[in-house]
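This report refers to the structure that appears directly beneath it.
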Amino acid sequence: MKSLNIVLSGVGGQGIISLANVIANAVLESGGKVIVAETHGLSQRGGSVIVHVRIGDVEAPLIPPGNGDLMLSLDPIEAARYSVYLKKGSMIFVDNNITPPPLPGIKIPSLDEIVESLEKEGFDIIVVPAVDEAKKAGNPLGANIFLLGASYQTGILKEYINEEAIIDAIRKNLKKPEKNIEVFKRGKKWAEERLTR
Amino acid sequence: MKSLNIVLSGVGGQGIISLANVIANAVLESGGKVIVAETHGLSQRGGSVIVHVRIGDVEAPLIPPGNGDLMLSLDPIEAARYSVYLKKGSMIFVDNNITPPPLPGIKIPSLDEIVESLEKEGFDIIVVPAVDEAKKAGNPLGANIFLLGASYQTGILKEYINEEAIIDAIRKNLKKPEKNIEVFKRGKKWAEERLTR
Amino acid sequence: MAHREVLAEPGSRVVMLGNVAFARGALEYGVSFASAYPGTPSTEITEALSYASRILGGPYVEWSANEKVALEAAIGAALTGIPALASMKHVGVNVAADPLFSSAYMGVEGALVIVSADDPGMWSSQNEQDNRWYGIHAYIPVVEPAGAQEAKTAIIEAFKLSEKWKHPVILRTTTRVSHTRVIVEAGEIDIAKIKRKGTFVKNPEKYTLVPVHARRLREELVEKWEKISNDLSQNQVLNHAEGNPDSETLVVAIGLGYRYAKEILAAHGLLDNVRLLKLSAPVPLPKSLLLNEAEGREKIIFVEEGDPVIETLSKALFYDYNVRAEIYGKGTGHLKKTGELELHHVEKLLAKALELEKTYFSHAMIKPDIKLPPRPPVLCPGCPYRAVFYALRRAVGKARIRPIYNGDIGCYSLGVNPPFQMQDTIVEMGGSIGLANGMAHAQDDKVPIAIIGDSTFFHAGLPGLANAVYNRSPMLVVVLDNRTTAMTGHQPHPGIGVTARGVEGTELSIVDAAKGLGVEYVKVIDAFNIAEGEKEFYEALEYVKKERKPALIVAKGACILLALAAGRRIGVYPIVYRVDDDKCTACGLCYKAFNCPAIYSKDDGKAYINELLCTGCGECAQICPFDAFEPVDEVPPEWLRLMREAKPT
Amino acid sequence: MAHREVLAEPGSRVVMLGNVAFARGALEYGVSFASAYPGTPSTEITEALSYASRILGGPYVEWSANEKVALEAAIGAALTGIPALASMKHVGVNVAADPLFSSAYMGVEGALVIVSADDPGMWSSQNEQDNRWYGIHAYIPVVEPAGAQEAKTAIIEAFKLSEKWKHPVILRTTTRVSHTRVIVEAGEIDIAKIKRKGTFVKNPEKYTLVPVHARRLREELVEKWEKISNDLSQNQVLNHAEGNPDSETLVVAIGLGYRYAKEILAAHGLLDNVRLLKLSAPVPLPKSLLLNEAEGREKIIFVEEGDPVIETLSKALFYDYNVRAEIYGKGTGHLKKTGELELHHVEKLLAKALELEKTYFSHAMIKPDIKLPPRPPVLCPGCPYRAVFYALRRAVGKARIRPIYNGDIGCYSLGVNPPFQMQDTIVEMGGSIGLANGMAHAQDDKVPIAIIGDSTFFHAGLPGLANAVYNRSPMLVVVLDNRTTAMTGHQPHPGIGVTARGVEGTELSIVDAAKGLGVEYVKVIDAFNIAEGEKEFYEALEYVKKERKPALIVAKGACILLALAAGRRIGVYPIVYRVDDDKCTACGLCYKAFNCPAIYSKDDGKAYINELLCTGCGECAQICPFDAFEPVDEVPPEWLRLMREAKPT
């Protein structure tokens with residue numbers, strides 16, 4: 001009954017489903033089992049998006065609230081929104097850019113406020129400059145893969161996914177594969193530097 | 001639990017529903033209870049038609065097979081077809097004109113064959129020249145009312161319907177009421193002469 | 001038909017068709033908006049309301065393009081706060097299913113009653129379906145009157161229920177409720193009420209079913225459902241028990257089933273012996289009433305028309321509440337599941353359950369020993385469709401194609417019978433063009449020819465035609481335009497320009513509609529002109545073969561019954577035809593291959609015309625190879641015009 | 001989307017969306033005809049088949065005008081003897097309900113599988129409805145895969161079942177089956193099979209549902225139903241029991257419920273302790289299997305997604321057969337009836353029934369103490385609908401009318417949110433025009449404005465529009481023509497002229513269709529031109545007020561995502577806009593009243609544009625009263641053309 005439950009979150013259009021697909025294919029390449037539950041349709045239009053990735057001995061598509069082991073999020077607000085799906089103490093890799101919902105007259109919390117509230121609940125927040133770093137690497141849409149690289153470095157995924165499998169999955173499933181592989185490696189490197197400090 | 005069950009039959013367009021409506025209104029005028037179950041829709045297009053008229057202490061719309069007390073029919077074939085609804089020994093008033101179904105290559109039984117087969121089953125068949133007599137009275141569409149007149153003369157309806165009520169019902173519910181009243185009376189007279197011979 | 005009795009004097013007792021009693025009940029309640037598409041056995045409800053509207057100036061009544069539009073319009077009206085009625089036959093609810101489901105989520109402001117006229121026994125329908133399932137599926141209560149006797153009361157109660165719960169209510173009637181005439185006592189009609197207009201108050205959280213709202217509304221709906229169930233347990237008008245409270249036997253009699261059960265129990269002198277539970281509002285199941293009545297019984301008998309819907313739900317309920325009785329019903333195989341109920345079926349059920357020995361309604365049937373010819377409904381003498389079928393068949397032969405005749409719902413479905421046999425599929429309203437679309441791409445050895453009526457074209461033909469153009473389906477579409485919805489009794493439709501209220505409407509053109517949807521090959525022919533028809537059908541088929549695209553022909557000619565009626569109104573009458581015995585060769589083409597019901601064969605095989613049946617259409621004169629038919633007098637041009645242009649009033 | 005993995009090498013293992021696995025299964029079975037109307041969560045099935053058809057040259061695949069036409073076409077295809085698939089979302093089955101019911105009477109020759117993709121939880125739907133009821137109501141078997149893991153197998157079994165019984169089969173999937181990706185092993189595809197054509201053999205006694213045939217078919221249908229029930233009791237692939245045969249507890253796990261039950265039982269180490277009955281073909285209820293497994297148990301637990309359908313039917317069955325167990329399920333209140341199931345809900349049910357103390361999936365939820373703004377989906381930056389809403393609102397103000405905005409299903413439903421709030425009703429596909437029809441006559445203090453998309457117009461708008469012309473409903477119809485079915489992912493439709501197989505189709509014109517249906521006032525506007533829109537809407541509203549008839553305006557402008565994609569293909573890119581700080585007065589109109597998601601407010605209230613989000617539509621430059629917006633470079637005319645004319649490939 002070994003399993004790893006990953007919550008992916010963000011805003012429609014940020015590449016969450018692509019990220020899930022890369023992870024799933026990497027699990028396949030690594031010889032494992034995987035289930036990915038996606039949100040399609042209306043919510044893609046700039047709405048809040050969550051994708052459930054379940055790896056290992058699992059049957060059902062959705063991670064129950066309080067059962068996720070890890071989150072990768074491309075937006076801090078969405079990270080906070082879907083943190084209910086995580087176990088206490090889980091790691092949350094989140095991009096540092098907030099995309100404000102385009103609703104007139106609403107109050108947007110700051111990154112610090114969000115991080116603080118999550119840390120208070122005992123989560124292990126890693127704020128990642130994924131979008132910025134992906135841009136630097138000439139692949140502004142690669143933030144999702146940068147986050148994957150960063151989280152991979154921590155080792156939490158290693159038991160289920162080989163690094164070569166990720167490289168292979170990127171190659172087979174993404175446009176501009178070489179650029180994305182580069183971004184993945186930068187993500188890893190960033191984490192190595194940042195997290196071992 | 002006194003009741004009278006009348007089966008009306010014929011071919012779509014012969015005025016069966018009008019006849020039922022006159023009977024029902026006559027029952028109303030006579031202070032009784034009545035239920036009339038009609039066939040509408042497709043079968044009106046020259047098809048076989050049956051209407052159930054139930055008078056007295058009844059609840060349900062349809063006469064069960066073998067339970068009818070009387071039939072008025074504008075076509076001998078249809079009289080035979082729906083005789084399954086009649087009790088043994090019931091009276092059947094039927095016009096003498098057969099309207100052959102317009103199907104290519106079918107065999108049409110003769111009036112005599114039909115009458116014989118019904119008599120063999122113990123029905124009391126009264127063949128009435130209703131269409132012919134109604135024409136003579138200048139009301140070719142009045143055959144239905146002629147049959148009513150003929151059957152009324154036998155007394156079977158009297159317990160439930162007053163003659164004045166029929167006259168009244170014709171007046172209120174049919175076009176050319178005076179001509180139809182005339183036809184009703186002719187029907188009675190015909191029966192008086194024919195049946196008391 | 002007018003159904004004038006719908007406006008009977010308050011206090012008077014009149015003979016009324018069940019459907020007219022529904023209309024009367026709606027008026028007495030104060031219905032202010034009524035929409036419908038005609039369909040047996042529902043049509044007379046709206047016909048009667050149409051008559052009332054013309055006399056009283058209200059309510060607003062319309063024949064809609066189809067049942068979906070009718071229900072949408074009624075939902076729109078109900079949201080403005082007035083009571084609305086949408087009437088349709090059972091399969092019409094299929095057409096209207098999409099707004100039906102949504103309506104339960106949104107609720108209503110005024111009241112909304114949806115009549116589903118089911119047709120067990122299929123007197124005039126393509127299938128038998130028990131639309132109480134829709135009530136369960138869509139969470140919409142179902143009122144099911146106990147016969148025509150209760151029609152007026154039941155629709156008033158349905159409106160009250162809808163108003164109270166701000167929820168749509170299905171009124172399920174069946175052929176034997178709708179088309180049964182009984183004596184009805186007329187009540188008061190408040191004319192100001194039926195003429196009133198509503199006002200729309202915005203409430204997007206209720207009326208816009210975007211997911212964020214719909215999720216909340218779903219929760220409320222499921223809660224409301226239980227509350228309505230409780231309410232129905234209390235509704236003594238629709239649901240109540242009678243007879244011996246301590247009987248070991250309970251008869252649960254649903255809708256019309258109550259009449260059957262009651263008459264049989266009365267005949268057997270058992271009315272005071274058993275317990276009889278009348279359920280005229282069975283969905284949602286009035287659980288507490290049912291449990292209360294079921295408790296301690298040894299036998300429970302279910303009498304219902306259609307599927308064993310209430311029996312099934314009740315047994316599930318009984319299971320949960322440990323009611324342990326012997327059950328007798330359709331689900332247990334004690335009552336037949338197909339066709340309509342009759343007294344003897346129900347008596348057999350009761351006799352089995354109650355161990356009755358004598359029977360009153362199950363007499364032996366006497367079948368005279370004679371072979372009777374069938375008498376299916378046929379195309380009327382003078383029907384323009386006969387000429388079209390004839391011309392089309394000749395064109396198909398000439399074009400040397402193998403045809404698939406995709407038929408549809410309307411009088412032309414009678415073309416299935418000999419001699420034409422030119423309806424290979426008849427599925428549902430609009431199915432002609434729809435199936436032809438599939439067959440056009442799924443096979444290529446035959447050419448699909450979709451045959452569809454004018455009213456059906458506007459009802460369900462438009463999207464299918466758009467599809468045929470878009471996906472380039474090689475097929476011929478023949479629109480039989482007889483200027484009315486003929487089969488249901490000559491209602492107008494969008495192609496006629498006459499509305500249900502008798503006020504002027506706009507007349508749509510089938511030709512323009514087809515061209516507007518991109519059909520490149522569109523022609524109109526005179527349905528009564530067989531030579532023209534043959535030529536035009538042939539050319540259209542050649543186009544389809546060559547261009548691999550749809551072609552459409554409108555065959556225009558009035559329903560002969562309409563033409564006759566219009567003629568009577570203005571004193572124009574047809575001239576009947578006769579046979580010239582010298583010319584007739586007894587070939588039989590006219591009474592066999594053409595099969596006009598007014599033409600018979602004499603003993604020598606020569607034709608003769610029954611002048612009582614002849615409508616003077618002149619089709620026979622066109623098809624006779626020997627010119628043996630001739631009118632008995634000069635045919636007035638006015639009559640020829642009526643044959644082409646008559647329409648409903 | 002292409003979903004290339006649908007053509008994975010035989011023998012390979014690939015990650016596939018449930019819907020793509022359905023497509024793959026259909027191909028492996030040999031499906032030769034597939035029709036659909038897009039709708040979440042069903043769309044990808046047909047997208048994948050469309051891709052396969054383009055590569056392999058078969059099967060025939062089409063996007064139909066609507067689900068009714070799609071099902072009719074598939075019925076037509078199946079009658080020619082080839083296997084056909086019709087796919088739709090749950091509410092699409094409502095649209096297709098009429099042919100659905102008939103199909104059970106007629107049966108099929110090849111095979112016919114109808115996908116109903118239900119959406120519990122309403123991720124992208126106006127309601128939640130459990131379409132297994134349709135199976136029961138219409139006498140059509142329902143196959144319900146146990147998760148995406150079983151998608152491929154289940155659709156193959158559904159086809160086999162259909163072929164064996166010559167009967168349509170509903171494949172009920174749900175969002176979490178369709179939109180879940182799992183590892184699938186690809187089997188062989190026989191290309192000759194999927195490319196084959198059928199041939200139609202006449203059989204009017206089966207295919208023409210006139211009453212005389214339908215009555216016989218009804219009898220046969222009811223008999224067949226029992227036989228299929230027996231067959232499903234034997235079907236070990238779809239329905240089987242596992243675990244301890246002697247357990248006192250039986251878990252009946254239907255469809256996806258099996259995954260929940262299995263994972264929970266595994267976590268609790270109970271897989272070998274209790275008896276687990278997997279039902280992936282629950283309708284008609286496999287009675288003998290169920291009775292066999294239920295016999296002697298003390299507890300029976302039902303796990304199913306949707307309404308307690310199988311639980312209810314099972315309890316009625318148990319009642320008849322004296323099975324006496326304690327039942328736990330939705331019907332007994334042990335499991336919630338709304339929304340979709342999750343592991344913790346099912347664990348709670350099992351914990352209650354099995355008296356489990358420990359839980360593995362029902363952890364306490366951690367909710368950070370911070371107020372988060374909602375993030376509903378919004379109109380994209382550059383969406384032409386934003387400009388239209390803006391122009392329309394101004395015209396309404398100028399015309400001094402009180403509007404009722406009757407909205408519809410499509411991206412424009414997002415207009416319900418602030419700042420526009422210009423969707424007062426959203427009911428179902430086509431409901432805009434339908435409700436406006438009713439409101440036009442039921443009240444007269446406001447003017448109904450029906451807002452409908454291009455794909456929706458061809459899907460369900462035509463009969464409503466015909467009705468509005470016929471019954472003279474004073475209303476404005478605004479057709480938002482963004483050249484695609486945008487919300488479901490940019491499928492083509494009849495107005496585009498591109499078919500699902502990538503071959504040329506015919507492009508229908510909305511303007512011609514409206515004129516063809518008799519609308520006298522029809523205009524086209526450039527959706528991106530706000531001044532023109534305001535003027536034309538104003539004039540149309542004046543016409544409606546004065547003439548008391550419908551007017552229609554087509555606002556044409558491509559979905560900006562389509563334009564961007566088309567531009568990428570040919571190397572044409574938009575020029576983003578920027579704010580001239582000197583001109584900006586911080587009025588906030590652009591980011592508040594106009595609410596473009598690419599425009600933000602700086603701390604001083606002045607606007608700035610996020611250039612990553614800006615699509616260069618230029619709408620902001622039109623609405624700014626101070627001319628503060630300007631493109632950063634010259635806008636290429638080619639881009640302006642794409643904004644108007646881009647369409648799907």
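Letters A, B, ... mirror the listed sequences (proteins, then strands); counts begin at 1. Quick caveat: nothing in here was measured; it's all calculated off a predicted structure. What's counted below: heavy atoms across the whole structure, side chains too, no hydrogens, waters or symmetry copies.
Proximity to chain D (any heavy atom under 4.5 Å) is shown, for A:Ile114, by both the backbone and the side chain. Neither the backbone nor the side chain of A:Lys172 comes within contact range of chain D; no heavy atom of the residue lies under 4.5 Å from a heavy atom of that chain. With a threshold of 4.5 angstrom between heavy atoms, D:Ile599 does not approach chain A through any atom at all. Both the backbone and the side chain of D:Pro597 come within contact range of chain A, each with at least one heavy atom under 4.5 Å from a heavy atom of that chain. At a 4.5 Å heavy-atom cutoff, the contact between D:Leu561 and chain A is made by side-chain atoms alone. Residue D:Pro381: no heavy atom, backbone or side chain, is found under 4.5 Å from chain A. Looking at D:Leu379, neither its backbone nor its side chain comes within 4.5 Å of chain A, counting heavy atoms on both sides. When heavy atoms are compared at a cutoff of 4.5 Å, D:Tyr600 approaches chain A solely by way of its side chain, counted from C-beta outward.
Between A:Asn25 and D:Val15, the shortest heavy-atom contact is OD1-CG2, 3.6 Å. Closest approach of D:Asp369 to A:Ser117, counting heavy atoms only: O-CB, 4.1 Å. Closest approach of D:Pro368 to A:Ser83, counting heavy atoms only: CD-OG, 3.2 Å. Taking every heavy atom of both residues into account, A:Ile77 and D:Pro373 meet most closely at CD1-CG, 3.9 Å. Of all heavy-atom pairs spanning D:Ser362 and A:Asn67, the tightest one is N-ND2, 4.4 Å.
Counting heavy-atom pairs closer than 4.5 Å to chain A, the top-ranked of the candidates D:Arg4, D:Lys262, D:Lys592 is D:Lys262. For the set D:Val182, D:Thr175, D:Val14, D:Ile370, the count of heavy-atom pairs under 4.5 angstrom toward chain A peaks at D:Ile370. Comparing A:Leu118, A:Leu103, A:Val53, A:Ile106 by how many heavy-atom pairs each has under 4.5 Å with chain D, the most go to A:Leu103. When each of D:Pro376, D:Cys380, D:Gly147 is scored by its heavy-atom pairs under 4.5 Å with chain A, the top score falls to D:Pro376. Looking only at heavy-atom pairs under 4.5 Å with chain D, the residue among A:Ala24, A:Pro140, A:Ala37, A:Pro61 that has the most is A:Pro61. Among D:Arg176, D:Gln149, D:Lys371, the residue with the largest count of heavy-atom pairs under 4.5 Å with chain A is D:Arg176. When D:Arg259, D:Glu5, D:Glu347, D:Glu340 are compared by the number of non-hydrogen pairs under 4.5 Å with chain A, D:Arg259 comes out ahead. The residue among D:Gly18, D:Pro418, D:Gly489 with the most heavy atom pairs within less than 4.5 Å of chain A is D:Pro418. In terms of non-hydrogen atom pairs under 4.5 Å with chain D, the most contact-rich of A:Val58, A:Val36, A:Val51 is A:Val36. The choice from A:Lys88, A:Glu29, A:Arg54 that makes the most heavy-atom pairs within less than 4.5 Å of chain D is A:Arg54.
Taking a 6.0 Å sphere around NZ of D:Lys348, one finds it holds 12 or fewer heavy atoms contributed by other residues, nucleotides or ligands. Other residues, nucleotides and ligands contribute only 12 or fewer heavy atoms inside 6.0 Å of the CD atom of A:Glu116. The local environment of CZ in D:Arg569 is crowded, with over 12 non-hydrogen atoms from other residues, nucleotides or ligands closer than 6.0 Å. At most 12 heavy atoms of other shown residues, nucleotides or ligands fall within 6.0 angstrom of atom CD in D:Glu611. More than 12 heavy-atom neighbours from other residues, nucleotides or ligands sit within 6.0 angstrom of NZ on A:Lys87. Counted within 6.0 Å of NZ on A:Lys176, heavy atoms from surrounding residues, nucleotides or ligands total 12 or fewer; the atom is thus considered open. Other residues, nucleotides and ligands contribute over 12 non-hydrogen atoms within 6.0 Å of the NZ atom of A:Lys33.
We find the CG-CZ distance between A:Asn21 and D:Arg181 to be 4.0 Å, quoted to the nearest 0.5 Å. Between atom CG of residue A:Leu62 and atom OG1 of residue D:Thr180 there is a gap of 7.0 Å, rounded to the nearest 0.5 Å. With values rounded to the nearest 0.5 angstrom, D:Glu342 atom CD is found 7.0 Å from A:His52 atom NE2. Remark: A:Asn5 CG to D:Phe361 CZ distance equals 8.5 Å, nearest 0.5 Å.
Of the listed residues (D:His363, D:Lys367, D:His344), just one forms a side chain to side chain contact (heavy atoms under 4.5 Å, CB included) with A:Pro65, and that residue is D:His344.
Judged by distance alone, with hydrogens and angles left aside, the side-chain atoms of D:Arg375 form a donor-acceptor pair with the main-chain N or O of A:Thr99 at under 3.5 Å. The closest donor-acceptor contact from the side chain of A:Glu121 to the backbone of D:Ile366 lies at 3.5 Å or more, if one exists at all.
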